[in-house]
Amino acid sequence: MRKIMIKQNLGPSTRSIYLGLACLSLALHLLLAFFCLSVLQTACVLPTSSSSSIPTRTDTQHSQSISHSSSSSSSAASSSSQKLPTIPQSEEHHQLNANTFHHKKNHSFSDATEREGEMIGAGEGQKVMGRQKLEELFKHPLYNLPRPELQDDDWLLRVKTNEHARDRGSEEEEREDAIDDDSQWQSDSEEEGYDKASWTRDVETHPPWLRFHLGISRRELYDRKDPNLAQLTHYLATQRVLGAVQKRGGTQLKLLISFPNYGQVLLKPMRQSRDAETDVNLFYFSDFERHNAEIAAFHLDRLLGFNRIPPVVGRLINVTSDVREITTDKRMSRTFFTSPAGNVCFYGQCEYYCSSEHPVCGRPHELEVSLAAMLPDLALAPRRSWRSPWRRSYSRIKLAQWEKDPAYCDSVKQRPPYDHGTRLVDFIDMAVLDFLMGNMDRHHYETFEIFGNETFLLHLDNGRAFGRHSRDEPSILVPLQQCCRIRRSTLLRLRLLSLPGFRLSDVMRESLLQDPLAAVAPLLSEPHLSALDRRLAFVLQVVEACQQQQHADVIYNDLEGYDPQPD
């Protein structure tokens, strides 16, 4: 009887223990389930790009812009350009290896195409997973080619050493010096609004604009990997405006802006909305310049691997406090007025569109502008201006010689500086850039005198680009069509940017997101971005047509001797 009572007393206690263990087991399973779910969610989040160093749009706006990246690839070229053969479908589907690259001159067209495809390699037919396309593009071997080390005479400006200070007999050395005799520069002009400065040979003491000047070399305006590039663009976007005057010369309104650390930038104001297309009845020399075209041209030039346009940044300024109240330009100050809508406006004095009928207006004070880093003063770094061989007539009725003579390039190749060196392929690089962005206004170009003919061309003044997206202008590409000559590194990058993994419109959209004005609105509309893909396809058609015509020297091999080794 006693044993039965003990069992009855133990029964409820045992059940409680079992129930407790069951609850504990359930809690552990729930905890494990939540842990696994959180791990899966983390693994699915794409990392953000670390390349941007300046403010961009909000996360919502960024997602909306990136969502367009699945848009269709390049469509057919415009009807005016359909005379050239189209690219075979097989051109888009090389199965290639990025780790081998050998080139010999006299091979068949198909063999040459295959070898060039080997250099393009990674990214073909693939989607860049886990990273954004822009970041992956700049990691590609074509954007990290080995180059010979720069020598002393390859730099535009050099900080004077003690040896230079003791020996001032050479006029060339004086022109190269960026700092005064004792390699120090000090200022106490705070009463004029400038910052106190003490610059030495130590690069850390130099403001970003001076570091930019000292980084210009024989082969490019800037090194894309230089950390000062991010500092310079941030500087352009944030520095306090100290002075503003109208820049003389040129056909349209632009301002010289001064900063407290003695830097200067070139300002171009917003004249029309981003979506406004150039009137089809306007000639190329009768159109507004666009602030967003200057910004987009800098990004496109960088994506093509040229690095020949000075850094440009978009910015919002206050027309009243940043221009009207501080300008010392009396002629410009007399052109300010308040519009019937209550907006502060001005128009300055220039050849085109400087009148009360074509004012630049704030909303009511806020104005979008582009700010471009200035090149070194001409007294320190003289530049030579060259008339373009394919310059347009700038007449409403006359044609230029190149428009009438299909063999015009033969005569160009026979005269300096196009008869030797890289000047011709440098010019064709510029023609490709202009065609992609629709810039018909390239009448002159400049080079730094100190480098002679062995240097790059400056791609300046791009305000008339990106005017039309619905129509392409094949005449811009005539230098390539007539000469059938192109740099190999340029061609390989163009082919890379035509692939789905690195579509030009996608990387351009992503690059423009780094600009501060992208927080206001996309700097290029989607039709303009789509036009880039369409025009890129046309450039490749022209090169293929030249190769199929059995031209012996279509490709200028600037990659000779480069043989990348497997990782």
Side-chain angles (χ1 to χ4, degrees), residues 53-54 155-161 164-165 173-217 221-223 226-249 254-268 294 298 309-315 317-318 321-329 332-333 369-383 448 450 458 460 516:
S53 60
I54 52 182
W155 297 101
L156 180 66
L157 300 172
R158 286 179 291 173
V159 175
K160 185 181 295 182
T161 63
H164 286 154
E173 288 176 354
E174 292 181 25
R175 185 170 61 247
E176 291 171 344
D177 296 333
I179 314 298
D180 71 2
D181 292 349
D182 61 357
S183 294
Q184 293 184 354
W185 192 92
Q186 295 183 348
S187 170
D188 295 315
S189 55
E190 222 175 359
E191 67 277 3
E192 300 175 10
Y194 289 95
D195 296 337
K196 286 186 177 181
S198 180
W199 305 339
T200 69
R201 286 189 293 270
D202 184 359
V203 69
E204 297 301 323
T205 68
H206 303 159
W209 65 264
L210 181 55
R211 282 183 240 169
F212 165 57
H213 289 178
L214 294 173
I216 298 173
S217 70
L221 272 179
Y222 59 87
D223 182 349
D226 185 354
N228 182 60
L229 184 61
Q231 297 172 22
L232 178 62
T233 53
H234 179 74
Y235 156 82
L236 295 176
T238 59
Q239 273 284 304
R240 177 172 61 90
V241 176
L242 182 62
V245 296
Q246 183 173 347
K247 188 179 187 300
R248 306 304 173 200
K254 48 189 175 290
L255 306 183
L256 276 177
I257 299 297
S258 300
F259 289 151
N261 62 1
Y262 300 90
Q264 285 191 322
V265 294
L266 183 66
L267 179 153
K268 289 191 177 181
E294 292 285 359
F298 162 65
I309 293 180
V312 186
V313 169
R315 180 169 171 176
I317 68 165
N318 187 301
S321 61
D322 291 335
V323 182
R324 183 174 189 173
E325 293 178 351
I326 63 174
T327 185
T328 57
D329 189 332
M332 184 179 71
S333 64
V369 300
S370 67
L371 297 179
M374 295 289 288
L375 295 175
D377 189 275
L378 292 174
L380 285 173
R383 302 193 299 270
F448 290 110
I450 191 174
L458 290 163
L460 305 177

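Scope of the values below: all heavy atoms of this structure, side chains included, with no hydrogens, waters or symmetry mates.
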Go through the steps for Leu460 and Leu375 under the test side chain to side chain contact (heavy atoms under 4.5 Å, CB included), then give the verdict. CA-CA 10 Å; Leu460 305 177; Leu375 295 175; 4.2 Å; yes
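- Rounding to the nearest 0.5 Å gives a distance of 9.0 Å between CG of Asp377 and CD of Gln264.
- Taking every heavy atom of both residues into account, Trp155 and Leu214 meet most closely at CE3-O, 3.8 Å.
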Going through the distances and angles, do Asn318 and Glu325 end up as a side chain to side chain contact (heavy atoms under 4.5 Å, CB included)? CA-CA 10 Å; Asn318 187 301; Glu325 293 178 351; over 6 Å; no
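- Of the possible donor and acceptor atoms, one in the side chain of Thr205 sits under 3.5 Å from a partner among the backbone N and O of Thr200.
- The backbone N or O of Ala230 sits less than 3.5 Å from a side-chain atom of Thr233, completing a donor-acceptor pair.
- Between Pro260 and Gly193, the shortest heavy-atom distance links the atoms CB-O, 3.8 Å.
- Note that OH of Tyr235 is 4.0 Å distant from CG of Asn261, once rounded to the nearest 0.5 Å.
- Taking CD1 of Ile216 as the start and CD1 of Ile450 as the end, the distance is 11.5 Å to the nearest 0.5 Å.
- Closest non-hydrogen pair, Pro208 versus Asn228, comes out as O-ND2, 3.4 Å.
- Rounding to the nearest 0.5 Å gives a distance of 5.5 Å between CG of Leu221 and CZ of Phe448.
- With His213 contributing its side chain and Met374 its backbone, the two residues share a donor-acceptor pair below 3.5 Å.
- Ring planes of Trp209 and Trp199: perpendicular class, angle over 60° (limits at 30 and 60°).
- The structure places CD1 of Ile317 at 6.0 Å from CD1 of Ile257, a figure rounded to the nearest 0.5 Å.
- Of all heavy-atom pairs between Ser321 and Ile326, the closest is O-CG2, 3.6 Å.
- Contact annotation: the side chain of Arg383 approaches that of Leu378 to within less than 4.5 Å [non-hydrogen atoms, C-beta and beyond].
- Of all the heavy atoms in Thr327 and Arg324, the pair that sits closest is CG2-O, 3.6 Å.
- Between the CG atom of Asp322 and the CZ atom of Arg240 there is a distance of 10.0 Å, given to the nearest 0.5 Å.
- Arg315 contributes a side-chain N or O that, together with a main-chain N or O of Leu236, makes up a donor-acceptor pair within less than 3.5 Å.
- Panel note: side chain His234, backbone Gln239; no donor-acceptor pair is recorded below 3.5 Å.
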Give the intermediate values and the outcome of side chain to side chain contact (heavy atoms under 4.5 Å, CB included) for residues His206 and Val159. CA-CA 11 Å; His206 303 159; Val159 175; 4.2 Å; yes
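- A pairwise comparison of heavy atoms in Arg211 and Val203 identifies NE-O, 3.5 Å as the closest pair.
- Ring centroid separation for the pair Tyr262 and Tyr194 comes in under the 6.0 Å cut-off.
- Side-chain contact between Val265 and Val313 is absent, with no heavy-atom pair separated by less than 4.5 Å.
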